[in-house]
Amino acid sequence: MTSDHPTDHETGLTRLRRSLDLLWGHTGKDRPARGPKRGLTLQQIVVTAVALADREGLAALSMRRVAAELGVGTMSLYRYVPGKDELVALMVDHVQDPAGDEPDSPVHQDWTGLLETVAERTWELYTGHAWLIQVNTARPVIGPRSMAWLDRALGALEGLPLSGQEKMAVLTGLEHLVLGAARTHVLHHQAAQHSGVSDKEFWSTQEPYMVRGMEEGAFPRLAGLPEDSFAGDAVEALRFAVRALLDGFRRLVEERTAD
């Protein structure tokens with residue numbers, strides 16, 4: 001027996017195709033899906049949605065709120081974007097920054113330095129648009145700007161003795177490291193905002209309990225650390241971790257080059 005109602009599978013595929021059509025311009029650039037143009041462009045809608053999410057987070061994003069920001073009726077927006085899922089896909093691609101110089105002959109340059117730059121820009125992306133951390137990108141909807149960014153990042157590895165899978169593993173490992181650090185950084189700031197408790201108050205309240213535990217000999221390794229061990233800057237900590245990760249990949253490349 002068949003049902004007249006679409007399944008979750010059919011609905012998911014429909015949304016995916018709609019998102020891809022919008023991302024790749026298959027519905028017509030800056031034109032609504034139907035009817036005459038009414039003074040809006042898809043670019044305006046996406047830029048407005050990004051600004052709203054940057055200010056208030058992804059939870060605040062809705063078609064109604066974006067329409068209000070633009071000073072139009074909600075139904076006007078649906079003529080350009082079918083729904084919130086498709087809008088978020090457009091937003092994710094929009095904030096990617098593929099601009100910059102194309103890496104050239106990385107084998108003869110500091111290719112790890114190029115990847116350090118990729119890591120820095122990825123950090124800026126996630127911390128500058130904190131709502132991105134809430135988007136499930138395990139299966140990303142790929143648009144042209146996202147592909148351009150990946151293509152440029154791959155340029156840093158061009159000519160190295162790595163397979164295609166290994167090149168993707170390098171970039172994926174770097175992405176995961178930066179994303180984890182950025183998530184912790186963003187949640188750290190959000191915790192202070194949402195709780196109303198400053199960092200100083202938070203840690204000074206816990207300090208007597210931790211000190212007592214260490215004085216009783218329960219945590220000898222923690223007690224043996226210098227006092228400034230937990231006072232590191234988040235960006236510097238990330239740079240240290242990125243350099244260590246890339247040093248490992250560099251050794252692999254050097255070993256293969258020497259063979």
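Just so it is clear, the model here is predicted, and its values are computed rather than measured.
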Handout entry: Distance-only donor-acceptor check, side chains Glu86 and Tyr80, under 3.5 Å
Key = no
Problem - Heavy-atom side-chain contact between Asp93 and Pro144 under 4.5 Å - result: yes
Exercise for the section: Apply side-chain contact (heavy atoms from CB on, under 4.5 Å) to Ser195 and list each qualifying residue two or more places apart in sequence or on a separate chain. Expected result: Val197
Problem - Flag, side chain of Glu120 to backbone of Thr117, donor-acceptor distance under 3.5 Å - result: no
Practice task
Decide if atom CZ of Arg256 counts as having more than 12 heavy atoms of other residues, nucleotides or ligands within a radius under 6.0 Å.
Solution key: yes
Handout entry: Check: Arg250 and Asp110 side chains under 4.5 Å, non-hydrogen atoms
Key = yes
Problem - Presence of salt bridge, Glu69 and Arg65, under 4.0 angstrom - result: yes
Handout entry: Polar side-chain atom of Glu56 near backbone of Ala53 as donor-acceptor pair, under 3.5 Å
Key = no
Exercise for the section: Before accepting this row, confirm whether a basic side-chain N of the pair Glu236/Arg239 lies closer than 4.0 Å to the acidic partner's carboxylate O. Expected result: yes
Problem - side-chain contact (heavy atoms from CB on, under 4.5 Å) between Leu77 and Leu70, worked out - result: CA-CA 9 Å; Leu77 231 58; Leu70 288 164; 3.7 Å; yes
Practice task
Decide yes or no on salt bridge (charged side-chain N to carboxylate O under 4.0 Å, His left out) for Arg15 and Asp85, but give the supporting numbers first.
Solution key: CA-CA 7 Å; Arg15 289 174 177 170; Asp85 288 344; 3.2 Å; yes
Problem - Carboxylate-amine/guanidinium proximity below 4.0 Å for Glu207 and Lys200 - result: no
